[in-house]
Structures are given as structure tokens and as C-alpha cells.
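These notes concern the structure reproduced below.
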Amino acid sequence: MESHKEKILVVDDEASIRRILETRLSMIGYEVVTAADGEEAISMFHQEAPDLVVLDVMMPKLDGYGVCQELRKESDIPIIMLTALGDVADRITGLELGADDYVVKPFSPKELEARIRSVLRRFERNGSSGIPSSGVIHVGNIRIDTNKRQVYKGDERIRLTGMEFSLLELLVGKSGDAFSRSDILQEVWGYTPERHVDTRVVDVHISRLRAKLEEDPSNPELILTARGTGYLFQRIIEPGEDA
């Protein structure tokens with residue numbers, strides 16, 4: 001029985017980049033579809049139902065930021081943004097709009113392939129050691145189902161991107177323990193310590209999680225800052241456990 005090929009939508013207005021990525025990604029086992037501008041990207045997303053989107057920022061008709069916003073209104077599909085912009089703040093904008101990761105142009109195709117594998121692999125992650133066998137965690141009015149990768153606030157389902165959920169799962173699995181930004185980048189994004197990566201990738205995702213889960217994101221009670229270290233989830237006290 002033939003295994004399912006993961007489908008990648010490559011969106012870039014440069015035909016040479018589309019051809020290179022289509023060839024290379026097809027060679028390593030992905031099914032690849034392409035789009036040359038933002039409007040075509042939205043159409044291809046609905047038509048092809050890809051598993052991941054590689055999305056250029058600077059494009060005609062609708063730029064990558066606009067495409068990312070539109071996709072996030074209806075889907076938590078993994079999005080990796082390609083940016084030639086030199087200003088780090090512009091890259092962070094993509095993350096704030098819901099992108100999972102970014103790669104800076106000019107880029108090595110091998111680097112992009114590694115980022116794609118890492119982002120897709122999040123679905124294969126095993127639950128963290130502190131998560132109960134049921135896979136369901138209750139914290140106040142928050143319910144986290146690690147089996148279905150779903151989060152509810154009261155009766156309302158809260159839509160998280162894949163990376164946001166993986167980050168939450170990591171922190172909840174060892175609630176009360178602080179993680180450095182470097183540890184989080186390695187565990188969730190697969191970045192090794194030797195590689196220089198802007199740690200604000202973590203800060204932006206923490207900010208997005210707080211905005212979705214906290215009653216007052218400016219005064220968080222669930223996802224706490226460990227000053228001088230990184231972040232931690234408030235210690236979860238199980239029934240019958242001493243505080």
C-alpha cells in the first residue's frame with residue numbers, strides 16, 4: 001500500500017525559486033504544488049488542501065502577510081515564510097500573524113528542507129512525561145487535550161497553530177520547570193544550540209499563546225516568565241497532591 005505523500009504549497013513570485021523548490025522537494029518525497037502570487041495561493045490552498053505552505057513575503061496582488069492572515073482565519077496549517085527583508089522586525093511580523101517559522105533569503109534549499117521536516121514532525125511528537133495517560137489536562141477553565149491537539153477555554157475551542165500547541169505541550173508537560181529560550185527552540189523547532197537563531201521566535205509564540213489563553217495577557221497567570229531564564233507553565237497540582 002503506497003504511503004501518503006505530504007503535500008507542500010510553494011508560493012513565490014520568482015519562477016526560478018518555484019522550479020528549484022518543486023524539483024528538490026519532489027526528489028525527497030513530497031508532493032509539490034505552486035502559486036505565483038498571493039491570490040493564487042489562497043485559491044490553491046482551497047483546491048489542493050496542502051499539509052504545509054512555504055510562503056514568500058514580497059509578492060504581487062496580495063503579499064505573504066496578507067496570505068498568512070487569510071489562512072489563519074480558517075486553518076492551523078504549518079506556514080514557513082521566506083523573507084528577503086533585512087529588518088528582524090519585519091520577520092517577526094510574520095510570526096505575529098501566525099507563521100510557524102521563517103527562512104531568510106538568500107537561503108540554502110537544504111536549510112529550508114530541514115525546517116520543513118522539523119515543522120511537520122511536530123505531529124509525531126510523543127507527549128511529555130508530565131502529561132497524564134488520558135492526555136487531558138485541566139487548569140482552571142482551560143482544558144488541553146494532547147491526543148487531539150485541541151485546547152478549550154470553557155466550552156470554546158481555542159485555535160492554536162501546530163507550533164503554538166507543541167510549545168504549550170512542552171511547558172505543560174513539565175509544569176513548574178523553567179525552560180530557556182534555547183531549550184524551547186531545540187525542543188519545539190528543532191534548532192540545535194550551535195545555530196544562531198533569533199530567540200524572539202519564542203517570545204512571539206509565547207505572546208500569542210498568552211493572548212489566546214490568559215484572562216489578562218499583560219498579567220499572565222498560566223504561562224509565566226522566569227526572569228533571566230525563559231518561560232514556565234504554572235505548576236499543575238494534581239488532585240490529592242500536596243502543593
Side-chain angles (χ1 to χ4, degrees), residues 2-72 75-124 161-163 166 185-186 188-192 194-198 200-201 204:
E2 186 178 350
S3 60
H4 167 69
K5 275 190 176 184
E6 289 168 310
K7 184 185 294 185
I8 298 175
L9 170 58
V10 173
V11 187
D12 199 299
D13 62 333
E14 294 185 48
S16 59
I17 290 180
R18 295 198 303 275
R19 283 195 299 270
I20 290 170
L21 293 183
E22 183 172 15
T23 299
R24 290 192 62 110
L25 295 174
S26 296
M27 286 176 61
I28 59 175
Y30 296 111
E31 181 180 350
V32 182
V33 293
T34 65
D37 60 59
E39 290 182 358
E40 186 182 6
I42 299 294
S43 175
M44 291 294 286
F45 170 78
H46 291 121
Q47 179 180 324
E48 297 289 343
D51 297 293
L52 179 144
V53 178
V54 175
L55 180 61
D56 187 32
V57 171
M58 304 301 289
M59 292 187 299
K61 297 185 181 180
L62 183 65
D63 67 14
Y65 297 145
V67 174
C68 188
Q69 282 182 301
E70 288 301 310
L71 296 185
R72 281 292 171 256
S75 174
D76 61 358
I77 186 173
I79 298 173
I80 298 177
M81 300 202 81
L82 301 179
T83 173
L85 302 175
D87 191 342
V88 172
D90 290 323
R91 302 177 209 156
I92 297 302
T93 296
L95 297 172
E96 290 174 338
L97 293 174
D100 294 283
D101 205 350
Y102 65 80
V103 175
V104 181
K105 289 181 174 181
F107 62 90
S108 158
K110 284 189 176 181
E111 162 72 5
L112 179 58
E113 291 162 15
R115 304 312 321 138
I116 289 171
R117 283 195 297 270
S118 180
V119 172
L120 287 173
R121 196 181 300 132
R122 72 172 197 265
F123 287 115
E124 302 167 13
T161 68
M163 285 304 193
S166 292
L185 281 169
Q186 187 171 4
V188 177
W189 278 267
Y191 283 112
T192 57
E194 307 83 53
R195 297 173 57 186
H196 176 72
V197 182
D198 192 325
R200 278 176 288 187
V201 171
V204 171

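From a predicted model like this one, the values you see are computed outputs, not experimental measurements.
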Which pair of non-hydrogen atoms, one from [X] and one from [Y], has the smallest distance, and what is that distance?
X: Ile77; Y: Phe45; answer: CD1-CE1, 3.8 Å
X: Ile8; Y: Pro50; answer: C-CB, 4.5 Å
X: Ala99; Y: Met81; answer: CB-CG, 3.6 Å
X: Gly98; Y: Cys68; answer: C-SG, 4.1 Å

Is [Y] close to [X] at the side-chain level, that is, under 4.5 Å between some pair of heavy atoms?
X: Asp37; Y: Leu62; value: no
X: Leu21; Y: Asp12; value: no
X: Glu14; Y: Leu82; value: no
X: Met59; Y: Val11; value: yes

Query - Side-chain (Ser166) to main-chain (Gly162) donor-acceptor, under 3.5 angstrom - result: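 Yes; at least one donor-acceptor contact below 3.5 Å.
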
Query raised in the report: In terms of heavy-atom contacts, does NZ of Lys61 have more than 12 from other residues, nucleotides or ligands at under 6.0 Å?
Result: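 Incorrect, the count does not exceed 12.
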
Can you tell me how far apart [atom1] ([X]) and [atom2] ([Y]) are? Round to the nearest 0.5 Å.
X: Lys105; Y: Asp56; atom1: NZ; atom2: CG; result: 3.5 Å
X: Glu40; Y: Asp13; atom1: CD; atom2: CG; result: 11.5 Å
X: Ile79; Y: Thr161; atom1: CD1; atom2: OG1; result: 9.0 Å
X: Ser118; Y: Arg115; atom1: OG; atom2: CZ; result: 4.5 Å
X: Phe107; Y: Thr83; atom1: CZ; atom2: OG1; result: 11.5 Å
X: Leu97; Y: Leu71; atom1: CG; atom2: CG; result: 11.0 Å

Report task. Test side chain to side chain contact (heavy atoms under 4.5 Å, CB included) on Leu120 and Glu6 and set out the steps. Result -> CA-CA 9 Å; Leu120 287 173; Glu6 289 168 310; 3.7 Å; yes

Report task. Say whether Tyr30 and Arg24, considering side chains only, have a donor N or O and an acceptor N or O under 3.5 Å apart. Result ->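 Tyr30 vs Arg24: no donor-acceptor pair found between side chains.
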
Query raised in the report: Would you call Asp100 and Arg72 a salt bridge, using N to O less than 4.0 angstrom?
Result: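 A salt bridge links Asp100 with Arg72.
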
